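These notes are about the structure you will find just below.
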Amino acid sequence: MLGPEAANLSSQSARDEAARQEERQGLIEFHVVANCANASRQILTWLVEIQNVFARQLPRMPRDYIARLVFDTRHRTLALVKEGRVIGGICFRMFPSQRFTEIVFCAVTSNEQVKGYGTHLMNHLKEYHIKQAHSMYHFLTYADEYAIGYFKKQGFSKEIKVPRSGYVGYIKDYEGATLMGCELNPRIPYTEFSNIIRKQKEKLIEKKQQQISQVMPGLTCFKDGVRQIPIESIPGIMNTGWKPNSDGKRKEIVESVESLFAPLKAIVQSMRSHSSAWPFLEPVKKSEVPNYYDVIKSPMDLKTLNEQVRSKQYSTKAQFVTDAQKIFDNCRIFNSPESDYFKCANTMENFFYNKLRDHGLVDGR
Ligand code: ACO
């Protein structure tokens, strides 16, 4: 079996990993070929085969036009040969004085697509330009609508770095196609690049895992009555890469908690003293209402609300309003509209929003 199915690949493997392995095993080969006076029979056969691949994969291009360019002596083709036959290629033309190369046709035969060959082909073409064609560090192409995604993944973009005057009138402009360009970096070994990145990632992950895979002593302070500790004091937490909020942000939260504390305390106090507050003073007891917690999944009551205000758990008005609202909503979900409970919820809700308004904490409602 050939192809990515045969290679022992993981989901982390780069798209071109299988093609790279096949090349190493000699199952596929890459050749830059061109029509010239002394072209061998083998080269001419490959050129005919690649012309057929282009014609089948680019049906909107006239066949004789493809043949003309593939056999034009100014064009070269990077051919991908598998088991003696061409299965894909890139036809290109170099413009040395303008320092760019036009990618004219690019295709992989249909039953070999999306296996990484297209990526490996492009990487070979990039390396060819870096090694063989000095200072040719720009590719330009008119990409078919359906191939834009492929070209983007190969580092092409619509931002063209070659001066317009350098290519207009030189390269073929196709209707409905998008001009895309790619700048090469001569220091990148393109055919090995994804492999290098994967290995670096693995090393970094391994290093990080070694740093953090330590068993830390458990926290005992809570047994001694401590209720809260700073997160950064938990043993090992900093090694995981956790970062405390910046001082500015933390200061903002503290200020917000402090400024809300007095009004929230006053509001809850006045609610608890209201004559309609009696159903909400304490959490509903399961012993008294056995099915309550089957229906109500996020319970709330004035005692809990009060405790949360006093332990300064609210840093925004919205958090507080959300919790208070649960008291009224839960009640209306569980009880019928005719019940006293339901009526108390409505009364308390109105009272609550009036109080918020009195304290300047409500906008609109
Ligand atoms: N649109 C969007 N993404 C694509 C397309 C596409 N048409 N083709 C491939 N890709 C993606 C793949 O999913 C893959 O993404 P991933 O790495 O995130 O999984 C990535 O591009 C590379 O895939 P490869 O397997 O390396 O590419 P493939 O061997 O399939 O070759 C090619 C790509 C040449 C475009 C091939 O699909 C083909 O021959 N298509 C038909 C002909 C064509 O459209 N050619 C380009 C016309 S424009 C021109 O020639 C200048």
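Because only heavy atoms are used, hydrogens play no part in the values below, and waters and symmetry mates are left out as well, while side chains stay in. Just so you know, ligand 1 is whichever comes first in the structure, and atom 1 is the first atom listed for that ligand. Owing to the predicted nature of the structure, the values given are computational and were not obtained by experimental measurement.
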If the threshold is 4.0 Å, N to carboxylate O, is there a salt bridge linking Lys343 and Glu338?
no
Is Glu112 close to ligand 1, meaning an N/O of one under 3.5 Å from an N/O of the other?
no
Would you check whether Val114 has a nitrogen or oxygen atom less than 3.5 angstrom from a nitrogen or oxygen atom of ligand 1?
yes
Any N/O pair Cys106/ligand 1 closer than 3.5 Å:
yes
Starting from atom 14 (C) of ligand 1, locate the nearest protein heavy atom and write down its residue, its atom name and how far away it is, to 0.1 Å.
Arg15 NE, 3.5 Å
So is there a nitrogen or oxygen of Val108 less than 3.5 Å from a nitrogen or oxygen in ligand 1?
yes
Given 3.5 Å as the limit, does a donor-acceptor pair link the side chain of Thr77 with the main chain of Cys91, or not?
no
Distance to 0.1 Å, residue and atom name: give those for the protein heavy atom nearest to atom 44 (O) of ligand 1.
Ala147 CB, 3.8 Å
At what distance is the nearest protein heavy atom to atom 22 (C) of ligand 1, and which residue and atom is it?
Thr119 OG1, 3.2 Å
Any atom of ligand 1 sitting under 4.0 Å from a heavy atom of Phe151?
yes
Taking everything shown except Lys201 itself, do over 12 heavy atoms lie less than 6.0 Å from its NZ?
no
Under a 3.5 Å distance rule, please check whether Asp301 uses its side chain to pair with a backbone N or O of Lys303 as donor and acceptor.
yes
Could you check whether Glu112 pairs with Lys115 (Lys NZ or Arg NE/NH1/NH2 to Asp/Glu carboxylate O, under 4.0 Å)?
yes
Looking only at distances, please establish whether an N/O atom of ligand 1 is found under 3.5 Å from an N/O atom of Gly118.
yes
In ligand 1, the atoms that come under 4.0 Å of a heavy atom of Tyr117 are 26 (O), 29 (O)
Does Arg93 reach the main-chain N or O of Val104 with its side chain, forming a donor-acceptor pair under 3.5 Å?
no
Proximal atoms of ligand 1 relative to Leu58 (non-hydrogen, under 4.0 Å)
42 (C), 43 (C), 45 (N), 47 (C)
Glu349 vs Gln325, test: side-chain hydrogen bond (donor to acceptor under 3.5 Å, both in side chains). Steps then yes/no.
CA-CA 8 Å; Glu349 186 178 42; Gln325 187 68 45; 2.6 Å; yes
Can you list the atoms of ligand 1 that are under 4.0 Å from a heavy atom of Gln57?
41 (C), 42 (C)
Does Phe193 CZ have over 12 foreign heavy atoms under 6.0 Å away?
no
Element-labelled atoms of ligand 1 that are located less than 4.0 Å from some non-hydrogen atom of Tyr142
51 (C)
Counting from 1 in the order shown, the ligand 1 atoms closer than 4.0 Å to a non-hydrogen atom of Thr141 are 51 (C)
Any nitrogen or oxygen of His120, side chain or backbone, less than 3.5 Å from one on ligand 1?
no
Under 3.5 Å, is there a donor-acceptor pair between the side chain of Asn335 and the main chain of Cys331?
yes
Check this for me: does any side-chain nitrogen of one of Lys82 and Glu29 sit under 4.0 Å from a carboxylate oxygen of the other?
no
Considering only NZ, NE, NH1 and NH2 on the basic side and carboxylate oxygens on the acidic side, decide whether Lys326 and Asp329 come within less than 4.0 Å.
no
Kindly confirm or rule out a cation-pi arrangement of Lys312 over Phe261, judged by NZ or CZ under 6.0 Å from the six-membered ring centre and within 45° of its axis?
yes
Does any N/O atom on Gln113 come nearer than 3.5 Å to any N/O atom on ligand 1?
yes
What one should report as the nearest heavy-atom pair of Asn52 and Arg63 is OD1-NH1, 3.0 Å
List the closest protein heavy-atom neighbour of atom 8 (N) of ligand 1: residue, atom name, distance to the nearest 0.1 Å.
Tyr150 CB, 3.8 Å
Check: Lys153 N/O within less than 3.5 Å of ligand 1 N/O
yes
Taking Lys158 for its side chain and Leu179 for its backbone only, find out whether a donor-acceptor pair lies under 3.5 Å.
no
Does any N or O of ligand 1 fall below 3.5 Å from an N or O anywhere on Asp144, backbone included?
no
Within-shell test, Val104 vs ligand 1, heavy atom, strictly < 4.0 Å
yes
Tyr146 N/O under 3.5 Å from ligand 1 N/O
yes
Looking at Phe105, which atoms of ligand 1 are within less than 4.0 Å of one of its heavy atoms?
50 (O)
To the nearest 0.1 Å, how far is atom 25 (O) of ligand 1 from its closest protein heavy atom, and which atom is that?
Gly116 N, 2.7 Å
Which atoms of ligand 1 have any heavy atom of Ala107 under 4.0 Å away?
34 (C), 39 (O)
